[in-house]
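Accompanying notes for the structure given below.
Chain letters run A, B, ... following the sequence lines, proteins first and then strands; every chain starts at 1. Just so we're clear, the structure is a prediction, and the values are computed from it rather than from any experiment.
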Amino acid sequence: MEFSTLRSNNRVYMDHNATTPLSQRVRDSIPSWLDAWGNPSSIHQSGRGPKALLRDARDKVAQMLNVNPLEIVFTSGGTEANNSAIKGVFETFQRETVKGSISGRPTRNQYLFSSVEHPSVIRTAQYLEERGAEVRFISVRRDGSLDLDSYFELLSEQTALVSIMFANNETGNIFPIAKLAELAHEKGALFHSDCVQALGKTNLNLRTLGVDLASFSGHKFYALKGCGALYVRRGLQIESLIHGGGQERHRRGGTENVLAIISLGAMCEMREVVAPRMSAIEALRDYLESSVLKQISGVQLTGAQSPRIGNTSSMVIDGVDGETLLMNLDMKGYSVSTGAACSSGSPEPSPVLMAMGLARSEAQSSLRLGLGWQTTRAEVDGFLETLKVVVAHLRSFNAEKDYT
Amino acid sequence: MTGDLTREMTTALPLRADGSKLRVLVAMSGGVDSSVVAALLVEQGYDVVGVTMQVWDYTSCDIDEGFGTCCSSVDVDDARSVADRLGIPFYVINCEAKFQALVIDPFIEAYLAGKTPLPCVNCNTYLKFDHLVQKMHELDCDYLATGHYARIEENQAGRPMIVNSTDDWKDQTYFLFTIEPEIISRLMFPIGHLKKEDVRRLAEKQGLINARKKDSTGICFVGNKGYDNFIEEHASKDQLKNGSIRIFPTGEVVGEHSGIHHYTYGQRKRLGAHGAEPMYVVKIDAKAGEVWIGEEKHLYSNSLRVVQPHLIDDFEDGERLKIKIRFQHKGSWGKVFKTADGELSVEFEEPVRSVTPGQAAVIYRENQLVGGGWIV
């Protein structure tokens with residue numbers, strides 16, 4: 001069967017927040033890693049190699065994050081890690097009921113989230129609410145800042161868990177996790193952070209960050225798809241999401257995706273390289289943004305006034321439909337993302353952008369770029385020229401009537 | 001075997017001014033017709049871009065969805081498979097809000113007003129030949145191609161006109177009367193000169209996944225559940241109330257119905273003991289909530305009135321033309337007049353059976369689509 005559409009000559013990939021290409025070191029190593037097909041749980045020698053490699057990967061991930069290897073639980077990805085953290089805490093509190101309470105009321109039943117979390121967190125939050133939890137969302141303003149006052153007000157002795165992401169996938173905004181975690185702890189609440197967009201984009205020191213739980217994903221960091229990690233602070237025990245054969249010290253059952261886990265470990269070895277790489281990408285991103293603002297009228301950056309991860313750019317382009325923009329750029333060889341209603345599912349434009357206060361039409365006209373470790377200045381220049389041409393072309397037609 | 005199965009390829013295709021290939025936007029439904037269109041155009045040397053319109057939210061559909069419906073998630077996958085095989089760009093564009101507002105809502109409204117609506121025309125008017133034409137411009141394409149059974153030919157004055165397809169039975173020009181004449185030079189109907197079995201044969205030859213896929217019939221968004229069930233799901237209770245069934249023209253009440261949406265004009269209604277003559281629905285009074293039935297002879301009309309006419313070509317007042325009053329109607333000869341208030345009136349040569357309010361009256365000059373409008 002033909003998959004000629006998968007051929008990627010002349011394609012410039014600018015959607016690194018969706019996923020990343022495999023790094024060269026991962027690509028080169030995969031053939032040798034294929035020999036590690038044994039089951040790490042096996043007692044016989046066929047399991048020894050894989051088991052050792054698993055341990056090695058775990059050490060590397062732990063080192064990257066400045067935590068103990070025992071605190072790392074490998075999962076199938078960021079989504080599973082988020083589900084495990086939130087549902088794990090929830091189920092644990094379901095068992096911890098108020099003494100003498102006939103209805104079995106949990107001692108703490110409030111869960112706080114930011115309003116711009118990834119769907120794997122938002123949907124899980126909604127699930128908790130259906131199960132009887134009190135769920136509240138902290139708003140994030142258009143400038144990218146979290147409403148700290150509202151957070152402080154809502155935090156209470158009733159709060160079981162706070163879950164706020166380190167960096168947002170749409171705008172790149174970074175939230176003051178250390179501070180938020182500290183405040184949560186003062187009220188005796190647990191703190192989880194979805195760090196999926198942060199790994200490989202900034203130095204992470206979970207020890208100083210002070211979080212109790214954190215999620216990570218391999219395929220956002222030039223490793224294979226199918227693995228992620230959940231950091232669980234030593235001393236914290238939560239209910240498992242996936243029960244099974246005792247893997248991950250009984251915290252997450254199921255034979256490990258060894259190949260993908262090794263690839264994540266291999267990327268975590270590149271700890272020293274993260275900051276300088278990010279510095280270079282940030283310079284490129286800033287150059288791209290200032291050029292766009294200078295050369296194309298009617299463009300507004302979203303979230304740029306607050307701290308952001310260095311590779312992400314979200315902008316509203318007046319008079320242009322995001323979906324059509326994406327298609328045009330795609331046909332010209334550029335892979336980008338938009339805030340427009342996703343054609344493969346929801347008819348609604350980006351919930352994150354709308355939660356930040358953008359109008360539907362603005363979200364619909366939003367472009368999102370995620371630069372990567374391999375993005376070059378030449379690619380950015382080429383993209384700028386193309387964007388100018390496409391935007392001018394699209395603006396030359398009448399605006400579509402909004403039927404919503 | 002029919003003549004040449006593909007367009008004449010003896011001359012090379014013209015190119016754009018900058019030397020690049022002409023680009024065609026192909027509307028792909030996931031069905032075999034539009035898939036063959038894409039394949040043919042690729043073979044002929046055009047730069048092809050495939051699009052499917054997502055017209056509803058699949059997650060809200062019941063499990064039945066995916067069989068015999070158009071543009072369901074299975075159909076989108078089929079369209080995508082064909083695009084993968086042909087190696088062409090492929091996009092699903094979200095048209096849900098537009099489809100709801102301009103096709104589904106008017107359909108429900110018309111039904112509840114006692115009419116027999118024709119939503120496919122609205123889809124053509126606002127989605128295919130408006131929204132997709134817009135996309136054609138936005139995506140820098142030279143043409144928009146669909147899998148309609150229709151053809152484009154130049155008339156004596158050199159203007160492009162829409163004419164009947166080679167396959168009489170499948171001819172879909174009935175649904176195309178709202179196309180703006182200026183746009184015709186940018187349209188393509190690449191299978192209009194083929195018969196259905198040839199289209200399937202081409203699909204097999206190209207190895208297209210949907211070569212043997214059943215044709216979608218009926219209204220795409222209603223699927224298998226039946227029109228009255230669909231209306232019931234979308235209307236409020238008081239719009240579906242019971243009412244009387246009366247005999248036309250006496251007005252005698254002979255029974256009760258459980259909602260006018262269960263009836264369409266021309267429908268045969270068995271009355272049990274009431275007489276040997278079969279009775280037919282001859283009028284639906286939505287306001288009063290009443291259904292009138294009468295003998296077959298009351299189903300015949302000698303004339304009809306056409307509102308909101310849209311003309312692709314002009315005609316002489318009183319010209320003798322052929323009028324189709326429903327899809328796959330053979331057509332009836334009559335004289336067409338332009339009225340003072342911008343409508344049309346038709347005087348038939350022979351009485352015509354079942355002229356149905358809500359359907360379209362479409363006018364032809366021999367095999368050429370002249371225009372049409374709505375029957376009241």
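By the salt bridge (charged side-chain N to carboxylate O under 4.0 Å, His left out) test, A/E379 is found to be paired with no residue, residues two or more places apart in sequence or in another chain being considered. Not a single ring-ring contact (aromatic ring centres under 6.0 Å, His included) links B/F90 to another residue, sequence neighbours left out. In this structure, the salt bridge (charged side-chain N to carboxylate O under 4.0 Å, His left out) partners of B/D142, at least two apart in sequence or on a different chain, are B/R16.
Within the 4.5 Å cutoff, no side-chain heavy atoms of B/Y126 are placed close to those of B/T178.
Between the side chain of A/H393 and the backbone N or O of B/E138, at least one donor-acceptor pair lies under 3.5 Å.
Crowding of A/Q126 atom CD: a count of heavy atoms from other residues, nucleotides or ligands under 6.0 Å exceeding 12.
Using a 4.5 Å heavy-atom cut-off against chain B, no residue of residues 117-125 of chain A qualifies as contacting.
Between chain B and the options A/V390, A/L325, A/D330, A/L326, heavy-atom pairs under 4.5 Å are most frequent for A/D330.
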